[in-house]
Amino acid sequence: KMKRRFARFFNLPELIAMFKEVADIKTADMLNLPTPNAHYHNIAVKPSEEQKRIVENLAERADAIRNNNVDPTVDNMLKITNDGRKLALDQRLFDPSLDDNPNSKVNTCIENVMHIYENTKDKKSTQLIFCDMSTPAKNSKTTLEMMEKNEDIPYSNVYDDIFVKLIKNGVPAKEIAYIHDAATDVKKKELFSKVRSGSVRILIGSTAKMGAGTNVQDLLIASHDLDCPWRPSDLEQRAGRIIRQGNKNSDVDIYRYVTEQTFDAYLYQLVENKQKFISQIMTSKSPVRSAEDIDEASLNYAEI
């Protein structure tokens, strides 16, 4: 029975039995592979005054659209959603003239990465930073050349901002890489090998480029989610890079950064609702006759 966007499934055991007849399903709870214990950390940061003001403006824009006071070619909900995601990540993505908020989630992430980097130097432990928005137009080598020439680097994206700040905090440039630096399969294999050996200790990338097929788990000690993707499977792919067979660490940490009172909460609510639906089917547990309960994965998103 369907009610608007919400669904309740009846005769669930029969539905799943039919589904498994045509699909080869192996869920994580069925495989029970030897993987490290993951500890999840939700890092919430306070919004700046500028972010609060802009969020209010986004709400006013949304009201105007709902009341049909704006031409859709001028402003629409897609634009508002995109602006909201940019604002939650870094206020300078919305307006480059704004100051760099020292307490932003990007800067909080950098502090955390540096703390872990210093504490695991003897083991050469590695870290991943996931960010699907504000990807670089050029590779990290170009940014490094500008730094070496003492040229001003105007703010253009989150990747370059993190790269520059990590170097200024004492991380050698050769130990940081963008997944975007590896444009071919051969270069990807070379990069992944460097991460597995610990010669590259911080790898930055998007879920699309650094998700499935990225085998760099050997020394991974921490993973950082700077933004929330649209699908639960994307978050699972991110976590799957570190919670993986072959990781030499028995315990790992996954950090998820959220800017309070912004679109971050809305995005995680979307992911939570999607995961509720998926988890009723993708499980090896014997289902009840009808179900719409919350499983562990969706609870994880709800807590965020």
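Treat the numbers as computed from the prediction; the structure is a model and nothing was measured. Just the heavy atoms: all of them, side chains too, but no hydrogens, waters or symmetry mates, feed the values below.
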(request) Answer yes or no: are there more than 12 heavy-atom neighbours, outside K123 itself, under 6.0 Å from its atom NZ? (result) no
(message) Strictly distance-based, threshold 3.5 Å: is any side-chain N or O of S193 a donor or acceptor partner for the main-chain N or O of K189?
(response) no
(request) Count the heavy atoms belonging to other residues, nucleotides or ligands that lie under 6.0 Å from CG of D71, then report whether that count exceeds 12. (result) yes
(message) A quick test of your reading: do over 12 heavy atoms of other residues, nucleotides or ligands sit less than 6.0 Å from CG of D152?
(response) no
(request) May I ask you to decide if P229's main-chain N or O and D132's side chain share a donor-acceptor pair within less than 3.5 Å? (result) no
(message) Ignoring hydrogens, what is the shortest heavy-atom contact between K79 and T73? Give both atom names and the distance.
(response) NZ-O, 3.7 Å
(request) Quick one: do D234 and R238 satisfy salt bridge (Lys or Arg N to Asp or Glu O under 4.0 Å)? Show the steps, please. (result) CA-CA 6 Å; D234 291 335; R238 292 180 179 186; over 6 Å; no
(message) Does the Lys NZ or Arg CZ of R256 fall within the cation-pi geometry relative to Y40 - under 6.0 Å from the ring centre and within 45° of the axis?
(response) no
(request) Output yes when a side-chain donor or acceptor of D227 lies under 3.5 Å from a complementary backbone atom of M133, and no otherwise. (result) yes
(request) Would you sort out whether K187 and D181 count as a salt bridge (Lys or Arg N to Asp or Glu O under 4.0 Å), showing the intermediate values? (result) CA-CA 8 Å; K187 288 184 178 179; D181 292 344; over 6 Å; no
(message) Are I80 and I65 packed together at the side-chain level, in the sense that at least one heavy-atom pair is separated by less than 4.5 angstrom?
(response) yes
(message) Under the criterion side-chain contact (heavy atoms from CB on, under 4.5 Å), I'd like the reasoning laid out for Q51 against N101: C-alpha separation, chi angles, the key distance, then a yes or no.
(response) CA-CA 10 Å; Q51 284 173 314; N101 177 13; 4.2 Å; yes
(request) Taking atom types as modelled, find out whether Y155 and D90 have a side-chain donor-acceptor pair closer than 3.5 angstrom. (result) yes
(message) Regarding T143 and D160, do their side chains bring together a donor and an acceptor under 3.5 Å, going by distance alone?
(response) yes
(request) Apply side-chain contact (heavy atoms from CB on, under 4.5 Å) to L166 and M114, showing your working. (result) CA-CA 7 Å; L166 287 174; M114 284 304 307; 3.8 Å; yes
(message) Check whether Y159 reaches the backbone of C131 with its side chain - one donor and one acceptor, N or O, closer than 3.5 Å.
(response) yes
(message) Quick check on the hydrophobic clustering: are V113 and V258 connected, directly or via other members, by side-chain heavy-atom contacts under 4.5 Å?
(response) no
(message) Taking K194's backbone N and O only, do any of them form a donor-acceptor pair with S199's side chain (distance below 3.5 Å, no angle check)?
(response) yes
(request) Please answer whether the main-chain N or O of T142 pairs with a side-chain N or O of N139 as donor and acceptor at a distance below 3.5 Å. (result) yes
(request) Please examine the side chains of D100 and N107, heavy atoms only from C-beta on, and report whether any two atoms are closer than 4.5 Å. (result) yes
(request) Check S206 against I179 and note the closest heavy-atom contact, atom names and distance. (result) N-CG2, 4.1 Å
(request) With sequence neighbours left out, write down each residue that passes side-chain hydrogen bond (donor to acceptor under 3.5 Å, both in side chains) with D75, or none if nothing qualifies. (result) R61
(request) Mind checking ring-ring contact (aromatic ring centres under 6.0 Å, His included) for Y255 and listing every partner two or more places apart, or none if nothing turns up? (result) H41, H224
(request) Kindly say whether N249 contributes a backbone atom to a donor-acceptor pair with the side chain of N247 at under 3.5 angstrom? (result) yes
(request) Would you kindly confirm whether L98 and V45 end up in one hydrophobic cluster when ILVMFWY residues are joined by side chain heavy atoms under 4.5 Å apart? (result) no
(request) Please assess I167 against L144 for the test side-chain contact (heavy atoms from CB on, under 4.5 Å), listing each intermediate value before the final yes or no. (result) CA-CA 9 Å; I167 292 174; L144 180 61; 4.1 Å; yes
(request) State which residue, out of D218, V216, N215, fulfils the side-chain contact (heavy atoms from CB on, under 4.5 Å) condition with F192. (result) V216
(request) Might you confirm whether atom NZ of K138 has over 12 heavy atoms from other residues, nucleotides or ligands at distances under 6.0 Å? (result) yes
(request) Determine whether N103 and K46 make a side-chain contact, defined as any pair of heavy atoms from C-beta on separated by less than 4.5 Å. (result) no
(request) Check whether any side-chain N or O of K105 sits under 3.5 Å from a backbone N or O of L226 as a donor-acceptor pair, and report yes or no. (result) yes
(message) Tell me if a side-chain donor or acceptor on Q127 pairs with a main-chain N or O of A222 at a distance below 3.5 Å.
(response) no
(message) Heavy-atom count check: over 12 atoms from other residues, nucleotides or ligands less than 6.0 Å from K165 NZ?
(response) yes
(request) Please examine the side chains of K209 and T135, heavy atoms only from C-beta on, and report whether any two atoms are closer than 4.5 Å. (result) no
(message) Any non-hydrogen side-chain atom of C228 less than 4.5 Å from a side-chain atom of V271?
(response) yes
(message) Using a 6.0 Å cut-off, check whether atom NE2 of H115 has over 12 heavy atoms from anything other than its own residue.
(response) no
(request) Tell me, please, which residues at least two apart from S134 pass side chain to side chain contact (heavy atoms under 4.5 Å, CB included). (result) L89, L93, N157, V158
(request) Verify salt bridge (Lys or Arg N to Asp or Glu O under 4.0 Å) between D63 and R66, making sure each step is shown before the conclusion. (result) CA-CA 5 Å; D63 283 339; R66 288 193 194 99; 3.1 Å; yes
(request) Verify, without hydrogens or angle tests, whether R201 (side chain) and S125 (backbone) share a donor-acceptor contact under 3.5 angstrom. (result) yes
(message) Out of the candidates N42, T108, N112, D225, only one should pair with Y257 under the side chain to side chain donor-acceptor pair (under 3.5 Å) rule; please name it.
(response) N112
(request) Go through the steps to decide whether E49 and K52 satisfy the test salt bridge (Lys or Arg N to Asp or Glu O under 4.0 Å), and finish with yes or no. (result) CA-CA 5 Å; E49 291 302 317; K52 290 179 183 178; 3.5 Å; yes
(message) Give me the atom names and distance for the closest heavy-atom approach of V200 to A177.
(response) CG1-CB, 4.0 Å
(message) For a quick check under 3.5 Å, do S48 and Q91 share a side-chain donor-acceptor pair by atom type?
(response) yes
